[in-house]
2 protein chains.
Amino acid sequence: MSLKYAILGVLKLKPHTGYDLKKTIEASVAHFWSADQSQIYRTLALLVTDGLAEVEVIAQDGRPDRRVHRITTTGLTALREWLASPLPPETPHDAFLVRVFFVGELGIPAAAGLLQSRRDEADSALSRLTALVGQERGEPVDLAHALRRATLRNGIRHAEAELAWLDETVAALP
Amino acid sequence: MSLKYAILGVLKLKPHTGYDLKKTIEASVAHFWSADQSQIYRTLALLVTDGLAEVEVIAQDGRPDRRVHRITTTGLTALREWLASPLPPETPHDAFLVRVFFVGELGIPAAAGLLQSRRDEADSALSRLTALVGQERGEPVDLAHALRRATLRNGIRHAEAELAWLDETVAALP
DNA sequence: GTCTTATATATGTATAGTCTTATACAGTCA
DNA sequence: TGACTGTATAAGACTATACATATATAAGAC
């Protein structure tokens, strides 16, 4: 359950409402972690019942109260423990490769089509990430920012690897 | 729910019991799809109630009956439809990158340690995949086999990309 | 004037997957 | 002889996530 820690990590940077969190997540970690709105609210509630976050209710008129969540010292400890704990074993789930593995059944044109649509996706992912990297010029050079930029570079490296693999694979179709 | 189609795809190659499936999956698609034993049996039962597979019970002595599952024509149609359907949007979930994003909190040694343990994993993934590719020499050159080998190449490309990214990232730590 | 977007939270339901435990016998290794 | 591994199936409990829907108002677009 990394969403729990992703949220704790964001709350550590700054207190957030569920609504804010959704936007912050979309603007920062969305390239490697997607989060559903309802899941965010439920996880936030869980953090509060576990004492890892606390809420300040700010009344508004015409809108529901803002429920601003702040990380607690217990929460900070939990975040640090998670960050220092060993990586759990991976359980890969790549639906695209399942298709590649079995799509031979449909013949070459269908296989080529599948690879082409993947190419389109990888292409647009690559330009999205490249644009984001461009926006980060001028940010601080401290460790935290360097690591955040590194996650973007990771996406770029893998998008490039995917494109190279697609070229090689299309070229080698019998 | 790609497991459903992964199983249908395997059943299309040859009828399987749940037990066999677990082993076939481990030996063929495990590098991009992991499947829990209980999940395999449940999915198999679902395929049968949906008419996508049928069972032949083979009595044994000293062991539970073998329940051999075979794909039906309805199942084959469902598999083909899935293979031809558009790729659903991706919802990325990479717990490792969540850590990288927030691990700055713990300082440079912890960040370097995280990256190093990832390096070990990527290294062993790479040698595992390379060994598998070696074993596939001499297989047929038809479309289906080419695509199956391509999934291994995909894993290799991404493992290499991950290693290159790790080097670059470790070198750039402030 | 109506339609869409933004603000803000919350629940119900379905789907997918993991972990754990249960049952039962045969063969192998020490 | 006792422990471990392999063959074979199954269900319960739990975790994580996604999808849909509900509520209520304001602001801006067309």
Side-chain angles (χ1 to χ4, degrees), chain A residues 1-8 15-27 29-30 32-50 52-53 55-69 82 87-95 98, chain B residues 1-8 15-27 29-30 32-50 52-53 55-69 82 87-95 98:
Chain A
M1 200 209 193
S2 296
L3 179 57
K4 178 169 156 182
Y5 298 102
I7 289 179
L8 277 179
H16 278 76
T17 66
Y19 188 81
D20 299 337
L21 259 171
K22 175 75 176 135
K23 290 198 292 182
T24 296
I25 286 172
E26 261 158 26
V29 302
F32 57 86
W33 199 273
S34 71
D36 183 74
Q37 177 258 74
S38 63
Q39 192 62 15
I40 288 173
Y41 279 99
R42 264 191 267 254
T43 304
L44 225 26
L46 186 73
L47 291 178
V48 173
T49 58
D50 287 354
L52 308 183
V55 196
E56 183 188 352
V57 179
I58 298 176
Q60 301 193 116
D61 47 287
R63 278 184 187 67
D65 295 346
R66 282 172 64 79
R67 298 173 52 81
V68 179
H69 293 72
W82 180 73
L87 289 169
E90 301 245 301
T91 55
H93 290 110
D94 188 329
V98 174
Chain B
M1 199 209 192
S2 296
L3 179 58
K4 178 169 158 182
Y5 298 103
I7 289 178
L8 277 178
H16 278 77
T17 66
Y19 188 81
D20 298 337
L21 259 172
K22 175 76 176 134
K23 289 198 293 184
T24 296
I25 286 172
E26 260 158 26
V29 302
F32 56 86
W33 199 272
S34 72
D36 183 75
Q37 177 258 76
S38 62
Q39 191 64 12
I40 288 173
Y41 279 99
R42 264 190 272 256
T43 304
L44 225 27
L46 185 73
L47 291 177
V48 173
T49 58
D50 288 353
L52 307 183
V55 195
E56 184 188 354
V57 179
I58 298 175
Q60 301 194 115
D61 47 288
R63 278 187 188 66
D65 296 348
R66 281 172 64 81
R67 298 174 52 82
V68 180
H69 293 72
W82 179 73
L87 290 169
E90 301 243 302
T91 54
H93 290 110
D94 188 330
V98 174

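By convention in this document, chain letters (A, B, ...) are assigned in the order of the sequence lines, proteins followed by strands, and residues within each chain are numbered from 1. Model, not experiment: these values are computed from the prediction.
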Query - Evaluation steps, side-chain contact (heavy atoms from CB on, under 4.5 Å), between A:Trp33 and A:Ile25 - result: CA-CA 8 Å; A:Trp33 199 273; A:Ile25 286 172; 5.6 Å; no
Requested in this report: Could you walk me through whether A:His16 and A:Thr24 pass side chain to side chain donor-acceptor pair (under 3.5 Å), step by step?
Outcome: CA-CA 9 Å; A:His16 278 76; A:Thr24 296; 2.9 Å; yes
Requested in this report: Please test A:Val29 against B:Val98 for side-chain contact (heavy atoms from CB on, under 4.5 Å), starting from the C-alpha separation and ending with a verdict.
Outcome: CA-CA 8 Å; A:Val29 302; B:Val98 174; over 6 Å; no
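A:Gln37 comes within 4.0 angstrom of a base, heavy atoms only. Within 4.0 Å of A:Arg42, counting heavy atoms only, lies at least one base atom of the nucleic acid. Within 4.0 Å of B:Ser34, counting heavy atoms only, lie sugar-phosphate atoms of the nucleic acid but no base atom. B:Thr43 comes within 4.0 angstrom of nothing in the nucleic acid, heavy atoms only. Within the nucleic acid shown, B:Lys22 has no heavy atom closer than 4.0 Å to any nucleic acid atom.
Heavy-atom contacts of chain B under 4.0 Å fall on DNA chain C between two terminal nucleotides, which in 5' to 3' order are C:dA16 to C:dC25. You can see that DNA chain D meets the heavy atoms of chain A within a 4.0 Å-exclusive cut from D:dA16 to D:dT25, reading 5' to 3'.
Closest heavy-atom contact between B:Gln60 and B:Asp65: N-OD1, 3.9 Å. Here the closest heavy-atom approach between residue A:Ala30 and residue B:Pro92 is recorded as O-CG, 3.5 Å.
Secondary-structure annotation of DNA chain D gives the stems C:1-30 with D:1-30, with a stem taken as at least 3 successive Watson-Crick or G-U pairs whose two distances both fall under 3.5 Å.
Looking at which nucleotide of DNA chain D each of B:Lys23 and A:Ser38 is closest to, the 5′-most match is held by B:Lys23. Between A:Pro64 and A:Ala35, the one whose closest nucleotide on DNA chain D sits nearer the 5' end is A:Ala35. DNA chain C is contacted by both A:Gly18 and B:Lys4; A:Gly18 maps to the nucleotide lying nearer its 5′ end (nearest heavy atom per residue).
Side-chain atoms of A:His93 come within 3.5 Å of backbone atoms of B:Ser34 as a donor-acceptor pair (strictly under, hydrogens ignored).
Looking at heavy atoms from C-beta onward, B:His69 lies in side-chain contact with B:Val48 at the 4.5 angstrom threshold. No side-chain heavy atom of B:Val55 sits less than 4.5 Å from a side-chain heavy atom of B:Val68.
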Ignoring hydrogens and angles, write down the donor-acceptor pairs under 3.5 Å from the side chains of residues 37-46 of chain A, residues two or more places apart or on other chains.
| from | atom 1 | to | atom 2 | distance (Å) |
| --- | --- | --- | --- | --- |
| A:Ser38 | OG | A:Asp36 | OD2 | 2.4 |
| A:Tyr41 | OH | A:Tyr19 | N | 3.2 |
| A:Thr43 | OG1 | A:Gln39 | O | 2.7 |

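In this structure A:Arg66 satisfies the salt bridge (charged side-chain N to carboxylate O under 4.0 Å, His left out) test together with A:Asp20, sequence neighbours excluded. Partners of B:Lys22 according to the salt bridge (charged side-chain N to carboxylate O under 4.0 Å, His left out) rule, which considers only residues two or more places apart in sequence or in another chain, are B:Glu26.
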